[in-house]
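What follows is a set of notes on a single structure, which appears directly below.
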Protein chains: 2
Amino acid sequence: MKRYLFCISFNGTNYCGWQVQKNGISVQEVVQDAIERVVGFRGDVVSCSRTDAKVHANNFYFHMDLSIKIEIEKLKFAINNALPLDICLKEIKIVDKSFHARYSVKRKEYIYKIWNKNVRNPFLKGLVLNYNFKIDLEKIKKAAKFFLGKHNFTSFCNVKSDVQDKVRTIYSIDIFFDGDILIFKIVGDGFLYNMVRIIVGTLLEVSEGKIDVLDIEKIIEKKDRKYAGKTVKADGLYLNDVTY
Amino acid sequence: MKRYLFCISFNGTNYCGWQVQKNGISVQEVVQDAIERVVGFRGDVVSCSRTDAKVHANNFYFHMDLSIKIEIEKLKFAINNALPLDICLKEIKIVDKSFHARYSVKRKEYIYKIWNKNVRNPFLKGLVLNYNFKIDLEKIKKAAKFFLGKHNFTSFCNVKSDVQDKVRTIYSIDIFFDGDILIFKIVGDGFLYNMVRIIVGTLLEVSEGKIDVLDIEKIIEKKDRKYAGKTVKADGLYLNDVTY
């Protein structure tokens, strides 16, 4: 019995998120189905994270304990053949039994993509937020600095969350244009329910002049969701990578 | 009553093609619904082309005769708001009554996209053909030259086609890599049912060594579909533009 670490990327458009749910098809069950077809039994998976419905991942990790004899490259090839085209198995490696896909996470990096043109791109449906208003990038960057460091992020957490400890550390927020797409890249030790989407929504309201740059600090201090901006939709959100 | 020429782009993944059909949602009916919501009545549309299920378009044209007073830019804005995110209205202009979206077509340009990497890209699901074999680009380019000019393309037409005249002229075929995507760009005066997909499928079989470069000429002369290569799937096909 060895512990295998899997790295996948997926287009979340047609899924109810990573974790198995009653009301939709989850990435997890589709991945477990594919692995079961290859290895012949259904194994338990432990993932780095949950993801909301329609959220994407460029690098998403999970581990499984398996007693199998198949070579890693063949295993990867066979599982990819069994997966649908919107999920890709990028890498498999054997890790130490002390490694844990969730508890060993040190940092997570999320990306949020905004298509900022008048004419939308139909080939990016579900992959970006379509946002036509003029972006005040300098204002957004100034406001974003207030999120850096260790804070209680209650104001930036969905009220339905049952997590007790809402203190998280944000290491960096980079905001830049990649062609016509505005990218928010946020790195932290962990993120609360909808935290990235509420931070991005709040920064867009700063750009629009609805929230003042200097109010971000006060909104954090309030520890109350109602003072922050709207939750932007899931379409533009990508779990970009995890550092172990 | 004026004649309006509309240019749209659409992601065909979730549609049964442009034209209205019983067994699925067509781009045409969705576009007609959106325009009806804006102008208040259902107008007839005349398009540049039919498209197969799942085929995309970067620039697709249709005309409508309308008696309306709304400004063009406002009309465009309102229709885009009424359209789903996988269809985009790019331009509207008023044209002469002698203009006809179908009969005035002089040239059509199609693109076919192939993702040629071992690791697939889940964000291109439905937008490319995933093809892992090594591409022999020089061989494909040599073979492609035999399609240039005026030929009877019966061998490259779906047998279900009821078109009588199967003579078409191909003006150019360009084949090149754009990053990891192999692009086939084909310009002609018109194309038969599945013609681009059969040409691309045949050229891939040339690359694979299943069909000899010098056999293309013979396959054309046979005027029999069974001698050409397979029809590649619709996912990678885009009506790129039309010249009037």
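The sequence lines fix the lettering, A, B, ..., with proteins before strands; numbering per chain opens at 1.
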*Can you name the nearest heavy-atom pair linking Asn23(A) to Gln21(A), along with the distance?*
OD1-OE1, 3.0 Å
*Crowded around Tyr131(B) OH? As in, over 12 foreign heavy atoms under 6.0 Å?*
yes
*Roughly how far, to the nearest 0.5 Å, is OH of Tyr15(B) from OG1 of Thr13(B)?*
9.5 Å
*asked:* If only side-chain N and O atoms count, and only distance matters, is there a donor-acceptor pair under 3.5 Å linking Tyr110(B) with Asp241(B)?
replied: no
_Side chains of Ser26(B) and Glu29(B) only: does a donor on one sit below 3.5 Å from an acceptor on the other?_
yes
*Mind ranking Leu124(B), Asn121(B), Asn80(B) by heavy-atom pairs under 4.5 Å with chain A and telling me who comes out on top?*
Asn80(B)
*asked:* Please classify the contact of Phe10(B) with chain A as side chain, backbone, both or neither, using a heavy-atom distance under 4.5 Å.
replied: backbone
*Can you label the angle between the Phe6(B) ring and the Tyr4(B) ring as parallel, tilted or perpendicular, going by 30° and 60°?*
tilted
*Toward chain B: residues of residues 34-59 of chain A with heavy atoms under 4.5 Å*: His56(A), Ala57(A), Asn58(A)
*What's the spacing between Lys230(B) NZ and Glu205(B) CD if we round to 0.5 Å?*
5.5 Å
*Answer with side chain, backbone, both or neither: which region of Asn118(B) has an atom nearer than 4.5 Å to a non-hydrogen atom of chain A?*
neither
*Side chain from CB out, backbone as N, CA, C, O: work out which of these in Asp235(B) comes under 4.5 Å of a heavy atom of chain A, or both, or neither.*
neither
_So which residue, Ile8(A), Leu85(A), Leu127(A), ends up with the most heavy-atom pairs under 4.5 Å with chain B?_
Leu85(A)
*asked:* Let me confirm one number: the CD1-CG distance from Ile140(B) to Leu203(B), rounded to the nearest 0.5 Å.
replied: 6.0 Å
_Side chain, backbone, both or neither of Ile87(A) within contact of chain B (heavy atoms, under 4.5 Å)_ = backbone
*Which atoms of Leu83(A) approach chain B - backbone, side chain, both or neither, heavy atom under 4.5 Å*: both
*asked:* Quiz question: by atom type and distance under 3.5 Å, do the side chains of Asp86(A) and Asn11(A) form a donor-acceptor pair?
replied: no
